[in-house]
Structures are given as structure tokens and as C-alpha cells.
Amino acid sequence: MKVQLHELVLQAVHVLQSDATLPADLAVPDFVIERARSRDHGDFACNVAMLLARSARAKPRELAEKLVAALPANSLVEKVEIAGPGFINFFLAADAYHAEVRRILEQGEAYGRNTSGAGKTVGVEFVSANPTGPLHVGHGRNAVIGDCLSRLFAATGWNVKREFYYNDAGVQIANLAISVQARARGITPDDSNWPENGYRGDYIADVARAYLDRASVVADGETVVATGDVDDIDAIRHFAVASLRHEQDLDLQAFGVTFDTYFLESSLYTDGKVEETVRELVAHGHTYEEGGALWLRSTDFGDDKDRVMRKSDGTYTYFVPDVAYHLSKWQRGYQSAVTVLGSDHHGSLARVKAGLQALDCGIPKGWPDYMLYQMVTVMRGGEEVKISKRAGSYVTLRDLIDEVGRDATRYFLIARKSDSQLVFDVDLARSQSNDNPVYYIQYAHAR
RNA sequence: GCGCCCGUAGCUCAGCUGGAUAGAGUACCGCCCUCCGAAGGCGAUGGUCGUGGGUUCGAAUCCCGCCGGGCGCACCA
């Protein structure tokens, strides 16, 4: 409807240009057709006369009158009024509404969709939680943002690849393994010989128990059987990662979120992608050695300081596999890529983009896009629920889904714009949720 | 100190590519519904849009300063 009205107004402007009421070389400003706030102002309002007034050296209201007179005949509009400082208000004919209703009924699910993204592939990376614990409310916000974004892309014809990237090696996973190992040996977080950076949550004990019971777990298409050998740290790590990935999968499934690809950071090493990335960066002359470390001259690409790629101990900093990962997205043909990321990671954006530019392989400057979101706090009973990752106590996504229902949780996490901090009021969400378990109990009693 | 984000009703937040009386939920207050959903329906109250300047016919919206809050500024991930 707006598009059609926009076209009508544009034609009126052209008419005035052709009869010299308006200068022929006039740049037509970006005017808007918008839904009128008040019924008195009709159905749609247009501000073009006020925007044209200055360059046309005319009074907005007079211009508006001339524009209205020049409007092409059409069946959409029943009445046009000029109001206020020069708004053109359109009152639509009932037929216009009827036609739209018919379109909605005819097109059903397809209504409102378009094909503007046809033939293009977008990679949407979201959640990307490391398998070191259950998903929490922050991951929930990430998940629903990424899911909605993906659906929007799909609705506009894009080929959407939903991707979950996770670290299955590295320091944090080593900590996970020794935590499970400690639990399997009967050590608890309060003991003096509990590992210094160990994960303290109760779920670690659950994993340890399952490991000792020689349980099997399926994650990312692989079945892992626990050996029960407390001294085999590799086996423990493998089992622990699979266990937590499995738990996360269950949570995501309960949340209605799916992925096409689970991308393992370790594959970047085994496939030689990390080495390839470093080699390319060195080959293009954007690196230098200093203090026994290999540096990327990322300041050449908009970063505020140069970054270490390879530490003096020979290992890579995390940002190298990050660059390698994004390179892999590019090579997989993602013309567009979006990463949904907590704003506490926004500092890493500049260096990853710098790294990609330094590869000189044709990646556009702004690629990839990021969707940052702010922190979530949870209120329950009028008080903020304190979280302590150290102690392993925090509000999990599963808690919220069980307590207020899937859709209400999704709604409250997406209802706020992502760059506002969000307060999730559990009681409010419960009271407004159709899935509210208390409601069903009451309803059952009432019957 | 530097960078990013936020500051709108008691509370949680929309509105911010400038437009005509700044909206919603919630809380509080009033009214309705008294056998099948009173965790409902209707209505009222409530705002110097953090603050000071600037641009403009017109600023919550754009620009600059200041104040307040969050996050980030590693040879950690």
C-alpha cells in the first residue's frame, strides 16, 4: 500500500516538474508515506510537500495543494486532505482494504514474503557456546536473535546456513576435563586439591558419574562411549564434550532452535586452515616478529593496536583460528555472514576484520556483519537473581523454559532491541504466558 | 584515559533514516463480570524524553559538550 501511494506521489511530483511549477533538475527528496497516528489524519500521511518546500522556494501548504491536484486518478484513494504544516493525508477507499484482505487470504503463508535474497547465501552464526556448561539465559537471547534473524532471511529468499561454532580443544576444555576427572575421583569443589580453574557446577558431577558408569552419549552425529578409566584424560575430555553438547542440543531443541552446521574449532587445526591463514598473512607482508612472537600489523586495517598471532611459546592466540574460521565461511560461498555475539566480545571484531582484510583475498571491508546484544539479568520475586559462574550457579535456559514456557521465553528475549540491556522478569513472563503451568492447575481446579 | 552501547511514566521498555496531541506492559486507583478463564474486561492518574548548547519552519529523534550506568581495551579464551 505504501509503495503504491509512494508511486502516486512521485508521479505528481514529476507532473509539477514537467509543467515548470517545480524545477526540472530538482532532486526529489526521500519522502515517506507513513501510517497516520490519528484516525482524523486518514490512513496514510505524506511529508513530501514540507521536504520540497525549501528547495522549491514555496510554501508547503501551497505546494501540497498543487501536488494533490496533480495526483493521477486511481481507485485506491477515496479522499485526500491537506493538514497541519503541509501533510498530505490519504483516506483509502474500502476497496483498497478489501483487495488487501483478498491477497492475504490467497497468499496464506506466503503473504509478506519476497525474493530479494534469491540466489544468495547467508551464514548466520549464533549461540556458539563452548561445551563447558549448560546454556544460560544469555545464550537464550543469542539463540532467539539468531533464530529470528535466520527466519527473516529465509522469508526474503536467502539461502540461510545456520551455524554453531564451538571450541572442543583449548584451555577451557582442558579445564572441563580435569574438573570431570576430579569429580570422578571423588574430589569436590570445596576440597583443597580441587583444580584451580575447575568448573564447580553440579552438572560436572553428573558427567563424572555417567563416565564412571560407562554410559554412552550421542552428540553432533557421533556416539561416544565412556571407558570409565579415570586416568585417561583424553577419553574424559571426549566424553565430557559430547555430554555437554548433548545437553545443549536438548535445550536448543526445547527452545525450538535448529542448526545446519556444527563447526569444530579443532578442525581448523587438523585441516591446516590455521597454518594456511598464518602463511597467507605472512606472505602478504602484514606481519612482523618481535619479542619472539609473530605479530599482525592490524593497525594498517583500522585496529587500534597490533595483535599477537603466535605467542613466544609457539601457540596461537585465539584470534588466529577466528580469522581462519571466517575465511572458511567466505570460501564456503557465504556472500553475507552475520555473527550474533554478546557485546562483551565487541572488542574482538576489529581485529578479526583486520585479519580478513590482511589476507587480500577479496573479502569486502564490512564483512562479516555482527549483531551484538547486551547483557541479560533475571528478576524473580522482585529481586535480581545473582549469578556466579565460578560457583556454577546461574539461571539456565532450561530453567526458564520449564518455568515460563518456550514461547514466552522467546518473546521476552526478543522483545527488547538487542543493544538495550534486558531484565527478564520471571514472574511477569509467567503471568502472561499461556504455557504457565500454574494457570493449568487453576483451570483444572475450576473444572 | 580510549572505544562501543544505554539514559523516555513509580518499574520494565517501544518510539530515534526529524514531522501534527510522546505510546505499551506492569504497578497504583475506580468501575464491570459473582457456575463454566477475577492471573479477566473497561476506564482514570502518571512524562522539564538525563542535562546544557547547536542545526531546522519543526528535535525524544541529527551534531557537540557535560553528568550517570553497562561492557571492552592481554604473548586469556
Side-chain angles (χ1 to χ4, degrees), chain A residues 29-32 34-42 45-51 53-54 58-61 81-89 128-130 132 138 165-176 197 265 289-296 302-322 341-351 370 372-379 382 384 411-412 414-434 436-447:
Chain A
D30 260 340
F31 62 92
V32 292
E34 57 184 3
R35 193 82 228 194
R37 278 191 217 151
S38 157
R39 286 299 282 175
D40 300 342
H41 300 144
C46 180
N47 65 345
V48 68
M50 289 175 292
L51 293 175
R54 195 174 325 164
K59 289 181 184 160
R61 285 197 68 114
E81 281 181 358
I82 294 156
F87 288 100
I88 300 174
N89 292 335
S128 293
N130 281 343
T132 56
Y165 173 75
Y166 70 92
N167 184 347
D168 58 325
V171 178
Q172 292 181 18
I173 300 300
N175 279 332
L176 171 72
N197 294 315
E265 184 187 2
E289 300 228 14
E290 191 182 293
L294 180 67
W295 295 71
L296 175 71
D303 201 359
D304 52 0
K305 57 178 91 162
D306 290 343
R307 304 292 169 177
V308 171
M309 296 167 60
R310 191 171 58 225
K311 295 179 268 181
S312 46
D313 68 4
T315 63
Y316 293 109
T317 55
Y318 77 97
F319 116 90
V320 179
D322 256 16
L341 207 57
S343 64
D344 53 338
H345 290 96
H346 87 268
S348 66
L349 273 45
R351 72 191 74 162
Y370 287 91
L372 297 175
Y373 62 91
Q374 296 281 333
M375 239 174 54
V376 182
T377 52
V378 176
M379 298 279 283
E384 183 179 337
Y411 172 75
F412 276 90
I414 199 70
R416 303 298 175 221
K417 74 176 170 211
S418 70
D419 47 14
S420 284
Q421 287 180 25
L422 184 147
V423 176
F424 193 104
D425 186 329
V426 173
D427 304 302
L428 179 64
R430 278 169 70 112
S431 72
Q432 296 191 351
S433 169
N434 288 334
N436 183 352
V438 177
Y439 152 72
Y440 283 115
I441 294 163
Q442 271 203 342
Y443 186 47
H445 280 306
R447 284 168 72 96

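Letters go in sequence order (proteins before strands), and every chain restarts at 1.
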Base, sugar-phosphate alone, or nothing: which one does [X] contact when heavy atoms must sit under 4.0 Å apart?
X: A/A45; value: base
X: A/D419; value: sugar-phosphate
X: A/N89; value: base
X: A/L422; value: sugar-phosphate

Non-hydrogen side-chain atoms of [X] and [Y] separated by less than 4.5 Å:
X: A/L296; Y: A/D303; value: no
X: A/Q374; Y: A/L422; value: no
X: A/V378; Y: A/V426; value: yes

Point to revise | Protein-to-nucleotide contact annotation, 5' to 3' order, nucleotides 72-77 of chain B [B base; S sugar-phosphate only; - none; under 4.0 Å, heavy atom] | key: SSSBSB

Looking only at heavy atoms, which two atoms of [X] and [Y] are closest? And how far apart?
X: A/W295; Y: A/E290; result: NE1-O, 3.2 Å
X: A/E384; Y: A/T377; result: OE2-CG2, 3.8 Å
X: A/E265; Y: A/N167; result: OE1-CG, 2.7 Å

Considering only atom [atom1], compute the distance from [N] to [M] and round it to an integer number of Å.
N: B/rG15; M: B/rA74; atom1: C1'; result: 41 Å
N: B/rA20; M: B/rA59; atom1: P; result: 11 Å
N: B/rA77; M: B/rC64; atom1: P; result: 37 Å
N: B/rU45; M: B/rG3; atom1: C1'; result: 43 Å
N: B/rG50; M: B/rC11; atom1: P; result: 13 Å
N: B/rG46; M: B/rC32; atom1: P; result: 23 Å
N: B/rU51; M: B/rA60; atom1: C1'; result: 14 Å
N: B/rU17; M: B/rC76; atom1: P; result: 43 Å

Rounded to the nearest Å, what distance is computed from the [atom1] atom of residue [X] to the [atom2] atom of nucleotide [N]?
X: A/D427; N: B/rA27; atom1: CG; atom2: P; answer: 11 Å
X: A/R430; N: B/rU26; atom1: CZ; atom2: P; answer: 17 Å
X: A/L428; N: B/rG25; atom1: CG; atom2: P; answer: 12 Å
X: A/R416; N: B/rA14; atom1: CZ; atom2: C1'; answer: 7 Å
X: A/Q374; N: B/rG70; atom1: CD; atom2: P; answer: 12 Å
X: A/D425; N: B/rG25; atom1: CG; atom2: P; answer: 16 Å
X: A/Y411; N: B/rG25; atom1: OH; atom2: P; answer: 10 Å
X: A/Q421; N: B/rC4; atom1: CD; atom2: P; answer: 17 Å

What does [N] pair with, Watson-Crick or G-U, if both distances are under 3.5 Å?
N: B/rC66; result: B/rG50
N: B/rU45; result: none
N: B/rG23; result: B/rC13
N: B/rG40; result: B/rC32
N: B/rC75; result: none

**Study point:** Criterion side chain to side chain contact (heavy atoms under 4.5 Å, CB included) on A/I82 and A/R61, from CA distance to verdict
**Key:** CA-CA 7 Å; A/I82 294 156; A/R61 285 197 68 114; 4.0 Å; yes

Exercise for review: Measure from the side-chain heavy atoms of A/V423 and tell me the nearest of B/rU12, B/rG69, B/rA14.
Suggested key: B/rU12

Check your understanding: From B/rC16, B/rG70, B/rA20, pick the nucleotide closest to the side chain of A/K417?
Key -> B/rC16

Review point. Judged by atom type as modelled, is there a donor-acceptor pair below 3.5 Å linking the side chain of A/T132 to the main-chain atoms of A/L176?
Key: no

**Study point:** Donor-acceptor pair, side chain of A/S128 and main chain of A/Y165, under 3.5 angstrom
**Key:** yes

